[in-house]
Amino acid sequence: MQNTTRKPWTEGTLFSFLSASLKGISQVMLIENAITGLIILLAITTFSYTLGIIALLSAFIGTFIGMIGGADKQSVNQGLFGYNSVLTGISLTLFLIGPYQFIIALAGAGLAAILTAAMMHVMKNTGIPVLTIPFIIMTWFMILASYRLKVFRLTSGLVPQDLSNWELDITGKIDWTEGAFNGIGQIFFVHSTLSGVLLFIAVFFAGWKLGLYAVLGNAVALLVSYMLGGEHTLIYMGLYGYNAILTILAVSVVFNTERHRFGLLSGIVAVALTVTFTASIATWLLPYGLPALTMPFILCTWIFLGARKVLPNL
């Protein structure tokens, strides 16, 4: 029988904390692997030392809140309280400026862990995973707070735009190599070939099937977005790819443990759907100056996982 007596901090506890924190980073990609998390952290850091530090601190904060909050040990050790904190910390660091930028980012990372726990409770009977919805809620709310609270200062990159003056720009050539690696990089808000290569290595390290599906999802997104006449800049920047990669991993691999008959086909269709969802959600949010983030991934994944409750072959 397992000993449930509370123990003081030990080297073993510290190792478990570090392992859970790194898994929190890897869980952004639906993977539970500390080494994968370490490689991902390296990929982020090679792009920006600041973002690498924020990602690690955010993972620590989310994991620590899970531990001291009394969450079940398995969930904490799997990194389930870290991934939303990681994304929230990185996003707020990028989207906010000013002297309180990093304080707000790390506070947001902590709140994201608490919101993750709340969403776990709300959705526990649905059979549908929480995914990254706490990260989206925290990031959107913090950004919108900048219009009413002086301490929250928004970067000039997020400016509300009038849709009546919107024009689609499909000029210029597409760098397909850059687009392939930027797609996976944008999951962590990074865009460099080296970071993209490291991220693919991280996924393949966790499992060859995960790696192949990530490549497939990205390729399908690139092709579909190009065929549908997407803006070339957004295509090679990877802004149509990152939601697609997460979606195919979720629908076809991670939450396909029963090996549904059309699991791969469902994942490919879901990936194609993320392209249109990305375009529509980004347009919907344009007047508010909000980024789409991972909302296309969440909606497409929830649609297919929910549909499986009625259509089990999907």
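From a predicted model like this one, the values you see are computed outputs, not experimental measurements.
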>> Less than 3.5 Å apart, any donor N or O on the side chain of T294 or T132 sitting next to an acceptor on the other?
In response: yes

>> According to side-chain hydrogen bond (donor to acceptor under 3.5 Å, both in side chains), does anything in residues 188-201 pair up with another residue at least two apart or in another chain? List the pairs.
In response: T46-S195, S192-S195

> Are L239 and L94 linked, directly or through other ILVMFWY residues, by side chains that come within less than 4.5 angstrom of each other?
Replying inline: yes

>> Quick one, W176 with Y226, criterion ring-ring contact (aromatic ring centres under 6.0 Å, His included). Give me CA distance, side-chain angles, the key distance, then yes/no.
In response: CA-CA 11 Å; W176 294 102; Y226 180 74; 5.4 Å; yes

>> Between W284 and F277 (judged by ring centroids, cut-off 6.0 Å), do the two rings come close enough to count as a pair?
In response: no

> Heavy atoms, side chains only, cut-off 4.5 Å: are P129 and M123 in contact?
Replying inline: no

> For P291, does its backbone N or O pair with a side-chain atom of W140 as donor and acceptor, under 3.5 Å?
Replying inline: yes

> Roughly how far, to the nearest 0.5 Å, is CD of Q161 from CG of L285?
Replying inline: 12.0 Å

> Just by modelled atom types, is the A202 backbone N or O under 3.5 Å from a matching donor or acceptor in the T36 side chain?
Replying inline: yes

> Would you say S48's side chain and T45's backbone share a donor-acceptor pair under 3.5 angstrom?
Replying inline: no

> What distance do F200 atom CZ and L210 atom CG have between them, rounded to the nearest 0.5 Å?
Replying inline: 12.5 Å

> Does the ring center of F60 lie less than 6.0 Å from the ring center of F17?
Replying inline: yes

> Yes or no on side chain to side chain contact (heavy atoms under 4.5 Å, CB included) for V271 and V224, after CA distance, side-chain angles and deciding distance?
Replying inline: CA-CA 9 Å; V271 162; V224 171; over 6 Å; no

>> Taking OH in Y147 as the centre, count heavy atoms belonging to other residues, nucleotides or ligands within less than 6.0 Å. Is the count above 12?
In response: yes

>> Pair Y240, L234 - check side chain to side chain contact (heavy atoms under 4.5 Å, CB included), show working.
In response: CA-CA 7 Å; Y240 283 110; L234 300 185; 3.9 Å; yes

> With ILVMFWY side chains joined below 4.5 Å, transitively, what does L223's cluster contain besides itself?
Replying inline: M227

> Below 4.5 Å, heavy atoms only, C-beta onward: do T63 and K23 meet side chain to side chain?
Replying inline: no

> Within the distance-only criterion (no hydrogens, no angle test), does the side chain of S91 pair as donor or acceptor with the backbone N or O of T88 below 3.5 angstrom?
Replying inline: yes

> What is the distance from atom CE of M120 to atom CG of D72, rounded to the nearest 0.5 Å?
Replying inline: 8.0 Å

> Taking side chain as C-beta onward, heavy atoms only, is P99 less than 4.5 Å from R153?
Replying inline: yes

> Mind checking whether L228 and I235 sit in one hydrophobic cluster, side chains of I, L, V, M, F, W, Y counted as touching below 4.5 Å?
Replying inline: yes

> Stepwise, does the side chain to side chain contact (heavy atoms under 4.5 Å, CB included) test hold for I103 with L106?
Replying inline: CA-CA 5 Å; I103 295 175; L106 294 177; over 6 Å; no

>> Donor-acceptor check, side chain of S252 to backbone of L249, threshold 3.5 angstrom: yes or no?
In response: no

> Checking H232 side chain against I174 main chain: does a donor-acceptor pair fall under 3.5 Å?
Replying inline: no

> Distance from S85 atom OG to I114 atom CD1, nearest 0.5 Å?
Replying inline: 9.0 Å

> Heavy-atom distance under 4.5 Å between the side chains of M138 and L115, does that happen here?
Replying inline: yes

>> Working to the nearest 0.5 angstrom, can you tell me the gap between Y83 OH and L87 CG?
In response: 9.5 Å

> Hey, is the main chain of L293 close enough, under 3.5 Å, to the side chain of N243 for a donor-acceptor pair?
Replying inline: yes

>> Donor-acceptor pair, distance only, cut-off 3.5 Å: does the side chain of S19 make one with the backbone of S16?
In response: no

> Heavy-atom distance under 4.5 Å between the side chains of L311 and L314, does that happen here?
Replying inline: yes

> Donor-acceptor pair, N84 side chain versus L131 backbone, under 3.5 Å?
Replying inline: yes

> Distance-only, no hydrogens or angles: does the N182 side chain make a donor-acceptor pair with backbone N or O of E178 under 3.5 Å?
Replying inline: yes

> In Å, rounded to the nearest 0.5 Å, how long is the span from CG of D175 to CZ of F181?
Replying inline: 10.5 Å

